**Q** 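Quick one: structure below, then a few questions.
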Protein chains: 2
Amino acid sequence: MRISMTGEYAVRAMIHLSSISKGKVTHISDISKEQNIPETLLRKIMGQLVKIGLVRSSRGKGGGVMLAKPGDSISLLDIIQGIEGQIILNQCLVDEKYCDQTSYCAVRKVWQQAQDQMLSILNGKSICDLANESNRNFLEFSNNKQTLN
Amino acid sequence: MRISMTGEYAVRAMIHLSSISKGKVTHISDISKEQNIPETLLRKIMGQLVKIGLVRSSRGKGGGVMLAKPGDSISLLDIIQGIEGQIILNQCLVDEKYCDQTSYCAVRKVWQQAQDQMLSILNGKSICDLANESNRNFLEFSNNKQTLN
DNA sequence: GTAAATGTGAGTATTGTAGTCATATTAGGG
DNA sequence: CCCTAATATGACTACAATACTCACATTTAC
């Protein structure tokens, strides 16, 4: 049970985008290089991100991609669900026909609970938070390295 | 991102087993019928459950399957992880080579947190709990139905 | 018109999953 | 020893999803 590469790539690309100053564009090829994501694949993923309204793009010379809205209004969950569809841990949570015990099954409830917890955690983090935290961690990381040398 | 059918079947089979009085055996074919699980597939799943020590089986006439230990010492997580292997939401949580930012990446931390939450919920429920709760819910459910009619 | 961008449908290779089938193995009881 | 009832398992199939690639289309600025 894993997140898809597509989902991971999307998250990385979005974090990259959130580091670009507002109003400026980047190019898919740049993100591809810096984040080490196959370019043609990233093109498709960016296409999806545009479709679901998280990214704005413009074609042609001078074109490129940028966040469609402020980074603090986009959660990790928005990205993942946008790309992968709804996260549903257990079949019986989605398919009524699958199990005839839905109305009293305790297992179902546990999955529901686990799923809710997970979603709320992913929902609680904006890509803005993520970019900032990573930056802060990176600085600490670099400082530690320096003092070690 | 879903649990596999195999995992779901295993859980159902285990709950079924936990309803059998201690010391008695059931047959795979019975579980198959009652839980609506393809028999040949269930045979394989039971094989795995035996291998990981959750089920005890005996062959031949008078043989069958039973829980290998008390139902309250077996968690939902034991079953799922036993069957599906470790639950790992995000690639970077398992594959060091995959991402060179492991030491400071904030995304990684969020996934870790979501995963921990989920595991702890699954770990907190024994199949004994589950069987009891389902029974209790079922009774309520039936009563409601009766009073409605 | 040309170069620089994104957009996209079709195709491929690989893997994973759900499930089947045939056959082996084990055990009890005549 | 043989029959029957049970689990065990390796090989196989069918299908779907994933992670890509490729070629080409489209858009825009100059």
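Chain naming here is simple, since letters A, B, ... match the order of the sequence lines and numbering starts at 1 in each. Fair warning: this is a prediction, and the values are worked out from it, not measured in the lab.
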**Q** Given atom CD of B:Gln48 and atom C1' of D:dG10, what is their separation to the nearest angstrom?
**A**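 Between C1' of D:dG10 and CD of B:Gln48: 14 Å.
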
**Q** Any idea which heavy atoms bring B:Gln86 and B:Gln81 closest together, and the distance?
**A**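 So the two residues come closest at CA-OE1, 3.0 Å.
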
**Q** Atom CG of B:Asp30 to atom P of D:dT7: distance rounded to whole Å?
**A**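 Atom-to-atom, B:Asp30 to D:dT7, this comes out as 8 Å.
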
**Q** With a 4.0 Å cut-off on heavy atoms, is B:Ser29 in touch with a base, just the backbone sugar-phosphate, or nothing at all?
**A**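 Result for B:Ser29 = nothing.
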
**Q** Cluster question for you: counting only ILVMFWY and a side-chain heavy-atom cut-off of under 4.5 Å, with indirect links fine, are B:Leu119 and A:Met1 together?
**A**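 Same cluster: B:Leu119 reaches A:Met1 through Ile, Leu, Val, Met, Phe, Trp or Tyr contacts under 4.5 Å.
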
**Q** For D:dT21, does either OP1 or OP2 sit under 4.0 Å from a side-chain N or O belonging to A:Thr40?
**A**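 Checking A:Thr40 against D:dT21: at least one side-chain N or O falls below 4.0 Å of OP1 or OP2.
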
**Q** Quickly work out the A:Ile83 CD1 to D:dT18 P distance and round it to whole Å.
**A**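 Answer to the nearest Å: 12 Å.
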
**Q** Pairing donors with acceptors under 3.5 angstrom, does anything connect the side chains of A:Asp129 and A:Ser126?
**A**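 Yes, side-chain donor-acceptor contact under 3.5 Å.
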
**Q** Counting only side-chain N and O atoms of B:Tyr9, is one of them less than 4.0 Å from OP1 or OP2 of C:dA18?
**A**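 The answer is no; no side-chain N or O of B:Tyr9 sits under 4.0 Å from OP1 or OP2.
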
**Q** Between D:dT7, C:dA10, D:dC20, spot the one nearest the side chain of B:His27, thanks.
**A**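 My answer, after comparing the listed nucleotides, is D:dT7.
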
**Q** Less than 3.5 Å between a donor and an acceptor, one on the side chain of B:Lys61 and one on the base of C:dG30, is that the case here?
**A**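 Side chain to base: no pair below 3.5 Å.
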
**Q** Go through C:dG19, D:dA8, D:dT21 for me and flag the one nearest to the A:Leu41 side chain.
**A**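 Output: D:dT21.
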
**Q** When you match A:Gly62 and B:Ile28 each to their closest nucleotide on DNA chain D, which lands nearer the 5' end?
**A**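 In this pair, the answer is B:Ile28.
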
**Q** Nearest 0.5 Å, please: how far is OH in B:Tyr9 from CD in A:Gln91?
**A**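 If we round to the nearest 0.5 Å, A:Gln91:CD and B:Tyr9:OH are 9.0 Å apart.
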
**Q** With the threshold set at under 4.0 Å for non-hydrogen atoms, list the residues of residues 52-60 of chain B touching DNA chain C in residue-number order.
**A**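 Heavy-atom cutoff 4.0 Å gives B:Arg59, B:Gly60.
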
**Q** From CG of A:Asn36 over to P of D:dC20, roughly how many Å is that when rounded to an integer?
**A**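 Atom-to-atom, A:Asn36 to D:dC20, this comes out as 10 Å.
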
**Q** To the nearest angstrom, how far is B:Arg43 atom CZ from C:dA22 atom P?
**A**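 In whole Å, C:dA22 P and B:Arg43 CZ are 15 Å from each other.
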
**Q** Calculate the interatomic distance between A:Arg2 atom CZ and C:dG16 atom C1'; express it in whole Å.
**A**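 In whole Å, C:dG16 C1' and A:Arg2 CZ are 13 Å from each other.
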
**Q** Would a hydrophobic clustering, with Ile, Leu, Val, Met, Phe, Trp and Tyr connected at side-chain separations under 4.5 Å, put A:Ile83 with A:Val50?
**A**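 Linked, A:Ile83 and A:Val50 end up in one cluster.
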
**Q** Mind checking if B:Ser4 touches a base, just sugar-phosphate, or nothing, with heavy atoms under 4.0 Å?
**A**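 Sugar-phosphate, backbone atoms only, no base.
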
**Q** Just by modelled atom types, is the B:Leu89 backbone N or O under 3.5 Å from a matching donor or acceptor in the B:Gln115 side chain?
**A**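 Judged by distance alone, yes, a pair lies under 3.5 Å.
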
**Q** Between A:Met5 (CE) and C:dT15 (P), how many Å, whole number?
**A**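 It works out to 15 Å between those atoms.
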
**Q** Is A:Glu140 salt-bridged to A:Arg136, cutoff N-O under 4.0 Å?
**A**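 No.
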
**Q** Any donor-acceptor pair, under 3.5 Å, between the side chain of A:Lys51 and the base of C:dG7, if you only look at N and O atoms?
**A**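 When only heavy-atom distances are counted, A:Lys51 does not reach the base of C:dG7 through any donor-acceptor pair under 3.5 Å.
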
**Q** Separation of B:Arg12 atom CZ from C:dA18 atom C1', in whole Å?
**A**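 Between C1' of C:dA18 and CZ of B:Arg12: 14 Å.
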
